Every structure is written in C-alpha cells, then in structure tokens.
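The structure under discussion appears below in the form of structure tokens.
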Amino acid sequence: MPDTRWWPRSTCYQIYVRSFADSDGDGVGDLAGVTSRLPYLAELGVDAVWLTPFYSSPQADHGYDVSDYCDVDPLFGTLADFDALLTQAHGLALKVMVDIVPNHSSDEHVWFKAALAAAPGSRERARYLFRDGRGAGGAEPPNNWQSNFGGPAWTRVPDGQWYLHLFDSGQPDFDWTNPEVGDEFERVLRFWLDRGVDGFRIDVAHGMVKADGLPDLTAEQLAAEGGELLETLGEAARPFWDQPGTHDIYRRWHSVLADYDGDRMAIAEAWVGDAEAMARYLRPDELQQAFNFHWLMAPWSAQALREVVEHTFRATRPVGAWPTWVLSNHDVVRAASRLGDGAVGPARARAGLLAMLALPGSTYLYQGEELGLPQVDVAPEDRQDPEFRNGRGVGRDGCRVPLPWTTADNGTAHGFSPPGAADPWLPQPAGWGQWSAQAQEGDASSTLAFVRTALRLRREMLDSLSDEVQLHAVDDDALVIRREGSTGAGGLVCVLNCGATAVTLASLGLDAADVLIATSADAVADAALQPNTAAWFTVR
Ligand code: GLC
Ligand code: MG
C-alpha cells in the first residue's frame, strides 16, 4: 500500500517569521507577510512550511520565550491572521508546522509571574525549577550548570531562591515532573491541532527532563561548556540533555497526535550524541521525525558524509523511522559561508543540498538557502541575539537578516517591508539586493533556478525511486548515492565531489549525456565532475 502520509518524503521550508516579510511596515516580519509570499513558496516547490514562534512574547530570544502559547503576539499579527495563513497555505497544498517551546516559557508567562508572587515551596513555584542556593545565606547558585547563552543557568529572585534557565534568564525552565506542565502542553498541542496545523517542530526537544537532584556537572564537563554552542548542544552526557524520561513525554504526544486524522506529525530539535540516540525519539510510539544534525555538522569529506548517511539508516531503519536531512537553520552559520571561503562555500552549499535532496526521507530548507544567501557580519552595535548579549560569541544574527525580495531598496528594505516602513530590525548589508528573488528570477544560473529545478525533479521521481540507497565513497573525494528506479522508470545516481580534483565519469560508469541537473553549468566538464560540485544522473 503506498504511503500517503504527507511528511515522510516532504521538503519543508523554515520561515524565520521576524525576517521573512513585513506587511505592516514596523520593520519586523509578520504572519500577513508570510501569507503574501506563500505563492512564491508553492512555486519554489516545497511541500510544507515551519513557522518559528509567533506567540505572545517579550522577544528576549525572539519568540523562543513564550508568554502565551495560544495567542499571537501583536508584533506578528492576530489569531485571525494565523487562520488566514493556514487557509491560504492549504489552498496552495502547503502543510503548516508550528514551533512548540516546551522546555521553558517566558518570564512574563502568567505561571511564572504567579510563581514570583508566591512563596518558596508553593504550588505556583512547583511548575518551574526553583531551588535554594548553596553557601552562606544561599548566595551561590544551587548547582554549577551554565546557561547555553553563557553565564550561570540560575537567576536569584528577591526572596533569595534561584530559578533554572538553560537559556536566557527570561526563559525559565519548566519542571516536567509536575503533572500540571504535561497537561498544559497537551492543551496547547490540541489548541493548534484543532486549528488545523499539520505538525510541530519541538524546540530543545531533548532538554525537558533533568536528572534527579540536579547534580553538578563534572569538572571535565564544565571545562567543555562555553565552547561553541553547537558543540555543547551536541554533548550527550549532561544531566539536562537526553534524559530517559524525555521519551515518556513523547509517548503521550504521540497519542495526542494520533487522536487527529492520522496525518499530523512532530519533529524533534534534539542535539544528541549519535544517530542511535536520535533514533530513540523515533520509536514507533514516539515522534515522527528528528532533525539529523549530524549531516549539518559533518566535515566536508565524502567519507564523513557517507558515514553519516550509513549511520543514519542503520539507526532509523530498525525503529521503522524516516530520516531527515538539514544543512541550515536560524541557529547556525549559513551553509554558503560555513562550508568554505570565497566561491567555494556557495558551490559546496549547492552541492550539499543536491546530495541531501537525493536521499530518501525528508529535507528541511532554511529561508534564504534557495537564494544562496551568505552569512552577514552584523556590526556589534546592531546585534540582537541574547547569545551575543550574554557574552557568548558573535551570536546568530548573521543568518537572520531580513530577506531581500527586490533588487532595489526603494525605501522598502529590498521588498522586505512596504514603502515608508521603519528600518528592518536587523540592517541589511550593502549589495543585499543582488541576492534577491527578483534579481535571480529568470537567471538560469541562479541558485533560485537551481533549487526550483532540483525540487521539481525530486518530486517527479519520488514515486518511482526505491527507498533503498547504495552508497560508496571514492577515496575521500566523491560520494556516490544510488537509488534504483521501479520497473520502467530510470534510477538516480547523485555524485558529490568533495575532493580537490575532478572525478572522471567513466570511472563511475556514468555518462555526461545522462545528467539531470548539476550544481552549475560547468560542474560536468571534460567528462568529469569538478571539485565542490554535485550532479544527478539518470540510470537505466
Ligand atoms: C532552540 C532554538 C533557538 C533558541 C533555543 C532556546 O535551540 O532553535 O533559536 O534560542 O532553542 O529556545
Ligand atoms: Mg511587521
């Protein structure tokens, strides 16, 4: 029986709402802005969109600090705007996923305000992780955990107690051992499911359960903190990451989703140690997907990428799960800058994208990836990210600069805002218009044209390609991904050249005449695939 669920082989486009499109001219992207650009996304050829948090929020972490999970912040619009977006998206055959933030709320959530107003030991405080401090007068934090944004993970309140926040002090962590918390999140999930959303992206999905007694980090673990955010997030052995009890939460969420029409899903943002740990979130009675961050973090080497793919399938197949592939999101340096300097980074970003689109499973694209946007070097005085404000590196603003839609600025921030609008919340750098959708429209060599073609071909082949994949790596240079076609249809071979020299097609049994798509016009030249490129070949 064919699998008719929408998500196993989908391409989902992540919309960082603040930076996508601003309809009301306040310089901040909003829901009506998203709605106005949905036809562009339908034409791009994606199947779904994921909206980053647009709920009521004081914006301490740009919406990942939620003060009301069932309402829209006026900055982004109204619930009616959300409903209009959803209707419009469904009319264009686009699924809609919303971001759920269950590890922590905002410090302006009614529960947290009630907790502050109540006494230590009260029922109100028991929804969060309040503890007495250590040392004389309890003046030291209850343990040595560090916030992911830098500094201690504890903040002291006037009566002397401390509360835990794995992120900003404006993001107090819930106590998930308190049944009230689980009940409240079931209500939140149902609120959005009843409205018609197709799925959820679960923020910090591996963090909700903390080890009993909130034990100190060891000296070794502590020394490793404060490094790159991603390195620590990827560190499995921490008393606040990937605790076994987390899975009970997802068993409950699984049955909530199953109460609907059988086609709603959730994807975990779980930065866990390896593919086996990831696959535990994907057991048949848990979540449908988890971001495969091992693909994103792999070094540029055919051998390393091959190992990630093999490891992913080895871990996900036994639990019957579908893998996902992701190269970029709103937390990491844009692939076009991260993967190499000068022209190398953009070339590799296209090649990495083409390779992941050739793999069975679901792909996640981040807004602007289809334009080949580079990371922006945001000036220190313009930076907004709490990670920067808390002293942990330059922060993530550089991948969050408002999108350019038009070549000319025309007082509209390159079409991001209407004429006469306030400045965009993050300044766009000089020359931003050259990356715009308008500038790339009609240019066959553009990244936009490339992504559109790749997504169209992927859709056309989806039903005829086997979900079995054969891989091999030619030395450290080329990764070859091969999928057979069903009877009568051609199969697909994707070759990704990570090496420094061209790979001859004959050595792979391929022919330049069979190229379906390549990352650039000169990627296949002299019967060879050039370095930092990829191509798809049809095989009979
Ligand atoms: C996730 C989000 C990130 C946010 C953090 C805290 O990692 O992707 O943007 O800062 O959670 O909610
Ligand atoms: Mg706006």
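First listed ligand is number 1; within each ligand, the first listed atom is number 1. Throughout, residue positions are numbered sequentially from 1 according to the sequence presented. Quantities reported herein were computed from a predicted structural model and do not represent experimental measurements. Below, all heavy atoms of this structure are taken into account, side chains as well, without hydrogens, waters or symmetry copies.
A side-chain donor from one of Asn292 and Thr312 sits under 3.5 Å from a side-chain acceptor of the other. No side-chain N or O of Gln438 forms a donor-acceptor pair with one of His414 less than 3.5 Å apart. Between the side chains of Ser19 and Trp425, a donor-acceptor pair is found at a separation under 3.5 Å. A donor and an acceptor atom, one from each side chain of Gln289 and Tyr364, are located under 3.5 Å apart.
Heavy atoms of Glu387 found under 4.0 angstrom from ligand 1: none, in either backbone or side chain.
Closest approach between the Mg ion (ligand 2) and any N/O/S atom of Asp22 involves OD1. Sorting the N, O or S atoms of Asp30 by how far they are from the Mg ion (ligand 2) puts OD2 first. The atom of Asp26 nearest to the Mg ion (ligand 2) is OD1, with the search restricted to N, O or S atoms. Its N, O or S atom nearest to the Mg ion (ligand 2) is what matters here, and for Asp24 that atom is OD1.
In the vicinity of His104, heavy-atom distances shorter than 4.0 Å reach the ligand 1 atoms 6 (C), 12 (O). Numbered from 1 in the order shown, with element, the atoms of ligand 1 that lie under 4.0 Å from a heavy atom of Val204 read 1 (C), 11 (O). Under a 4.0 Å criterion applied to the non-hydrogen atoms of Arg400, ligand 1 contributes the atoms 9 (O). Applying the 4.0 Å criterion to heavy atoms of Arg201 picks out, from ligand 1, the atoms 2 (C), 8 (O).
For Val28, the nearest N, O or S atom to the Mg ion (ligand 2) falls under 2.8 Å.
Cation-pi contact between Arg127 and Trp111: present, with separation from the ring centre below 6.0 Å and deviation from the ring axis of at most 45°.
Salt bridge present: Arg400 and Asp331 bring a charged side-chain N and a carboxylate O closer than 4.0 Å. A salt bridge links Arg201 to Asp203: one of the charged nitrogens lies within less than 4.0 Å of a carboxylate oxygen. The residues Asp263 and Arg5 are annotated as not salt-bridged, no charged nitrogen and carboxylate oxygen being separated by less than 4.0 angstrom. Comment: Arg280 does not engage Glu276 in a salt bridge, judged by the lack of any side-chain N to carboxylate O separation of less than 4.0 angstrom. By the 4.0 Å N-to-carboxylate-O rule, Lys210 lies close enough to Asp173 to be salt-bridged with it.
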Exercise. Assess whether salt bridge (charged side-chain N to carboxylate O under 4.0 Å, His left out) is satisfied between Asp385 and Arg383, documenting all intermediate values.
Key: CA-CA 6 Å; Asp385 186 5; Arg383 292 179 195 154; over 6 Å; no

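Contact annotation: His165 has no heavy atom less than 4.0 Å from any atom of ligand 1. Taking 4.0 Å as the cut-off, Gln14 does not count as a neighbour of ligand 1 on heavy-atom distance. Residue Arg396 places a heavy atom under 4.0 Å from ligand 1. Under a 4.0 Å heavy-atom criterion, Phe149 is in contact with ligand 1. The shortest heavy-atom distance from His62 to ligand 1 is not under 4.0 Å.
Geometrically, ligand 1 and Asp61 share a nitrogen or oxygen pair separated by less than 3.5 Å.
Of the options Asn329, Asp203, Leu166, the smallest heavy-atom separation from atom 12 (O) of ligand 1 is shown by Asp203.
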